[in-house]
Amino acid sequence: MAIGNEVLRDMYTKMLTIRHFEERMLEQMMEGALPGGVHTYIGEEAVGVGVCANLRIEDRITSTHRGHGHIIAKGGDVKRMMAELFGKKTGYCKGKGGSMHIADFSLGILGANGIVGGGLPTAAGSALASQLRGDDQVTVCFFGDGAANQGTFHEAVNLAALWRLPVIYVCENNLYAVTTPAEKSISIKDVADRGASYGIPGIAVDGQDIMAVYEATAEAVKRARAGDGPSLIECKTYRFMGHMGGKEVFEGSYRTSEEVEEWKKRDPIVLFEADLLKMGVLTKADVDGIDKQINAELDDAVTFAKESPLPDPEDALEDLYA
Amino acid sequence: MAIGNEVLRDMYTKMLTIRHFEERMLEQMMEGALPGGVHTYIGEEAVGVGVCANLRIEDRITSTHRGHGHIIAKGGDVKRMMAELFGKKTGYCKGKGGSMHIADFSLGILGANGIVGGGLPTAAGSALASQLRGDDQVTVCFFGDGAANQGTFHEAVNLAALWRLPVIYVCENNLYAVTTPAEKSISIKDVADRGASYGIPGIAVDGQDIMAVYEATAEAVKRARAGDGPSLIECKTYRFMGHMGGKEVFEGSYRTSEEVEEWKKRDPIVLFEADLLKMGVLTKADVDGIDKQINAELDDAVTFAKESPLPDPEDALEDLYA
Amino acid sequence: MREIRFNRAIMEAMQEEMRRDETVFIMGEDVEAGIMGKTFGMIDEFGPERIRDTPLAEVGFVGAAVGAAAAGARPIVELMFWMLSYVAMDQIANQAAKMRYMFGGQAKLPLVIRGSAATGAAAQHSDSVHSIFMHIPGLKIVAPSTPYDAKGLLKTAIRDDNPVLYFEASNLSALRGPVPEEEYTLPFGVADIKREGTDVTVVAISRMVHNALAAAEALAEDGISVEVVDPRTLVPMDAEAIRSSVKKTGRLVVADEAQPTCGATAEIMALVVEDEDTFDCLDAPIQRVARKPVPVPFSPPMERFMTPHTEDIKAAIRKVMG
Amino acid sequence: MREIRFNRAIMEAMQEEMRRDETVFIMGEDVEAGIMGKTFGMIDEFGPERIRDTPLAEVGFVGAAVGAAAAGARPIVELMFWMLSYVAMDQIANQAAKMRYMFGGQAKLPLVIRGSAATGAAAQHSDSVHSIFMHIPGLKIVAPSTPYDAKGLLKTAIRDDNPVLYFEASNLSALRGPVPEEEYTLPFGVADIKREGTDVTVVAISRMVHNALAAAEALAEDGISVEVVDPRTLVPMDAEAIRSSVKKTGRLVVADEAQPTCGATAEIMALVVEDEDTFDCLDAPIQRVARKPVPVPFSPPMERFMTPHTEDIKAAIRKVMG
Ligand SMILES: Cc1ncc(C[n+]2csc(CCOP(=O)(O)OP(=O)(O)O)c2C)c(N)n1
Ligand SMILES: Cc1ncc(C[n+]2csc(CCOP(=O)(O)OP(=O)(O)O)c2C)c(N)n1
Ligand SMILES: [Mg+2]
Ligand SMILES: [Mg+2]
């Protein structure tokens, strides 16, 4: 793969930013600073970053309830993200959206979605807008293993295939939808195999291996930009935390702690870092420097979020209509 | 195949009953006797009859907007059907349903459906009721090529596969949804291949060949009764008339008259009749006798429908709640 | 002035706006053949990219329209009938309606969804659903009664940067009325006094405007002077115009073809009785004229019985006249 | 009498009815783990057949429940939150609600769908949708305010042979209240006077009953005697009880946590002002207390501002007291 070292470093930085962002957020949650629930991306960083490293600013994504990782991967501003989680006026949505509805249209982030599977048709539509305009922008749709069983999956992917839309469907199969294991909700092993129902490529990759994710996406993006239509990529991954917040009450009841520990051994950041060190792309000192820099940024983000004003109550009445 | 001659004769009779029922109905429509639109089953008789010949009275079906054939195939009473089309009080639904909502719960006919794809989940549910009770009844769900692209298809078939429900999904692929050709709405050639997305058998058969339909269904029913779960059967067929009523205004614009003529050469009744004559199951005299008998029955049905009273206006207020 | 039919007015509005702005396009089932009459022949001028047949997948293509709008296109979705909004409900009620707000004003969603309701087609095709959508903040809702209003309001809808739902009443499609050759648009939120009067106000929605005018005409002979107010858009609702009229007449009848319970009629009654000045002018109980509270039955005597007609409005007027 | 929590009352109702009738079962997402708290632990007694986890596919499993009910089972569907009804809307509004009627009274649909609304979860999780379903004939609708009512009404719902939608208000789940050990059921269509008074009637729905009682208590000190009427079921609605109370007090405030436009509040206002006797007793304009007409924003100051509270009811009462 001919990826420049700078890109690799940027990918690493983004992964670590996501990880630390989520950790900071959980700290703040424990301190009671967050007015709403959060779904963390910890453990799944290779997916969002591996995918988005292939995208340009004008390319678009639709995200999910577990969206922080996608947003950072697509270039989102951690300050405005954190402020949004705090419900502050300076947040991405002026405090109207919270964790589940962060968007940045200027970066092609068409928004996180509280409805599982809700972004599948809108992603097709975003790609349709590109096709109609004749630009070569692509749209990526992230969705979970649970979402793979929503009717929207079927309708949207079929539509995208028929119209050869420049969209890439990325299934983040983290093996569970809340407490429901994928085998209780997906009637076959690989969501990727469902691509065959629409005559489009479907590929399953190791979602802990960022280069595998990157390469599969590169191929799909090439197809999409060339007008050859959609692809389906399934990334096998794992969420290290509970469904919501940090550790959840149901932890242990639906998955064993052995299973969790087993997966944590394949921490995507640890794996990528080792590779980069081995390849000489990063030195240990670089790693420390990046970590420090991220932490400083996140210190700023938390401070910014804390110090930002809450919205005025009456602000609730704004932003309904254009 | 070890099908008794009586069954074969009954299948033939049912096919011809459907054909003549629809013809009578169209006559009545031309005379202005029908207060609503109708979707005819002419040309597709082998599907409904070939499938339902495998079913017992207690087995259930969910039908579609193009449902008359299913209902006759499952043993429905042509008098009460015709009366319903006339909007009469003696009709199956006391005039409340019309063509698109005929049901006979005593025969396991859970109703036609005005919403394309609406019956896919309810069929799964009917099968679930059997599974919970521990009986060995099966449910058949008829749906069209258009419906194969509804989200309900995906959600219902996935559910049925996961729970190994005794349900058989029968796609009547008549190549068009109104004016939309299947290749503009289904992103692959065979709906049957979508079975693979759910790990269930998917088979495409010649829907003009009633024995092919019968045999595929027999296999699927066996699986279902044995607790081995759902099957998907795609019957390639053709509607000889317009989408609604007899000849439609759009006829010719979305399909050529050559194509229609080509398909009419494979009239399922003509084909089956020839086979039965060749096999000696029927004689020419039998054929004439059956035809006469059906016509007499349908004379009665039309007379019954005509002479039956209309509902009282206030009847509209009844039957809402049990 | 020339007279054209309601359907023609709708088509003209779309044609003019599509010529004016090349990002406007139409999508829906069988729009190319134009089976609902409103896009018939438009394919010749605009081609299949902009008169876009969809697969039979309402949540898919409505969602795609939402996404296309978010990404800069201006889709007009044709639903064959408005009951199909149930199938696509999440994309309308929880995606399109909420996106701009929950993203803190970032999204612009220039999207029109239009369609009609059926008659003579029984329960599942006949719901008049505008009241349901009035309950959901973030949508604009148009319910025109004449070809003139239909055209002017649809042009405004297409230029609006918000999701607009446009309701074409059953039975109006062939109605003729004066429509100027010159371009015009009509503003949202401005009711039209379709007839001036002094004794009683009838606020009538869409098709019921004509019944209200007929009732007014008939009762004029008895010396009752009826004012007919047509809100034209239900969101925004011109409460001021309605209240002014009631302050003048002291009496109110509200008529809508939809269900009464939690319907637009109830809302208009509430707007009047919660306003102190208007309440003080009210000389009689308010009467609503709407469907009887059952689904639409098939048979004409029952359908007629449960549907509101001119006689019902007359009776209601007589009642409030005491 | 012992006191139990609202959630516990719901669970007890389901447990008792499942013991009483083995055809009753529960299905929904993560009901086995019981993440919504209402089925927690029930798996131990009833097993996975009757506490049935579904794939993440609302139109599929709600539709399956409809079909299971039509085929003789008695499903209780748990929706995590009621906004998921948008995803399953067709199966609720156009299948379950209409089947019995359109089949001329043939179907029995003993089906309960229950769920809650979220708070602190922003726009997409927070719609209170009962008013939407009130608009659709064929459904029964329950909105309990106390553990006692919750249990008695849910037992009635489960025994009812019609589709019943059961709304558990946000914030009530932990509310304690007296519930007898002995078995009891409560009838539908019978409002409960939660507090007697003579000066003003407050009709309050679900959670707002508690706010109304608090307002009544506070205003009693100012010598205002408030009667609080809790309809308990919205369909059937006890219009008589509401009208009687208004005839006594001459003043009405209506309070509901949902949106005002075309909401249950508007309906109750309409029921009062269209009735001549009640209208004649009305001494003041009717006030409604409901959400402000925007989606629910995330940040607490804005959410609080747009949500109705005790102060809003007090202000409304003062207003109608003049
Ligand atoms: C349509 C819909 N159904 C249910 C929910 C409640 N819910 C929120 S997240 C979630 C699980 C999603 O699972 P998956 O798609 O695998 O994503 P993950 O959380 O594992 O990233 C559920 C059931 C919802 N928000 N939307
Ligand atoms: C969900 C839905 N979408 C659209 C329609 C309008 N409509 C009625 S029949 C039909 C075509 C159905 O095609 P198919 O499933 O192939 O059945 P066929 O009519 O060919 O038997 C359409 C679009 C509908 N009734 N329901
Ligand atoms: Mg998952
Ligand atoms: Mg077809």
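Please read all numbers here as calculations on a predicted model, not as lab measurements. Each chain gets a letter, A, B and so on, in the order the sequences are listed, and its residues count up from 1.
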Residue, of B:G108, B:G98, B:A124, B:P121, that accumulates the most heavy atom pairs under 4.5 Å with chain D: B:P121
Euclidean distance, D:F46 CZ relative to D:T39 OG1, rounded to 0.5 Å: 11.5 Å
B:L320 versus chain D, the contacting section by heavy-atom distance below 4.5 Å: both
Interface moiety of D:T54 toward chain B, non-hydrogen atoms closer than 4.5 Å: both
Over 12 foreign heavy atoms within 6.0 Å of OH, B:Y321: yes
Between B:L132, B:I102, B:T62, the one whose heavy-atom pairs under 4.5 Å with chain D are most numerous: B:L132
For chain B, the option from D:D161, D:N162, D:V59 that forms the most heavy-atom pairs under 4.5 Å: D:N162
Top of B:R133, B:K96, B:H154, B:Q131 for chain D proximity - count of heavy-atom pairs under 4.5 angstrom: B:K96
Interchain contact, D:D90 with chain B, by part (heavy-atom threshold 4.5 Å): side chain
Which atoms of B:A103 approach chain D - backbone, side chain, both or neither, heavy atom under 4.5 Å: both
Worked verdict on D:K140 versus D:D160 for salt bridge (charged side-chain N to carboxylate O under 4.0 Å, His left out): CA-CA 9 Å; D:K140 295 187 180 180; D:D160 199 291; 2.8 Å; yes
Toward chain D, the part of B:D104 with a non-hydrogen atom under 4.5 Å: both
Heavy-atom contact with chain D under 4.5 Å, split by part of B:A160: neither
Largest heavy-atom contact set with chain D, pairs under 4.5 Å, which of B:E155, B:M100, B:R60, B:Q137: B:E155
Donor-acceptor side-chain pairing of B:Y92 and B:D77 below 3.5 angstrom: no
Exercise: do B:D135 and B:S130 side chains pair donor with acceptor under 3.5 Å: yes
D:E183, CD atom: more than 12 neighbouring heavy atoms under 6.0 Å: yes
Segment of D:A107 engaging chain B (4.5 angstrom heavy-atom cut-off): both
Which portion of D:E58 sits near chain B, non-hydrogen atoms under 4.5 angstrom: backbone
Ring-ring centroid check B:H68 B:Y41, cutoff 6.0 Å: no
In residues 309-318 of chain B, what donor-acceptor pairs under 3.5 Å come from side-chain atoms, sequence neighbours left out?
residue: B:D315; atom: OD2; partner: B:K89; partner atom: NZ; Å: 2.9
residue: B:D315; atom: OD2; partner: B:D312; partner atom: N; Å: 3.1

Exercise: do B:T64 and B:N113 side chains pair donor with acceptor under 3.5 Å: no
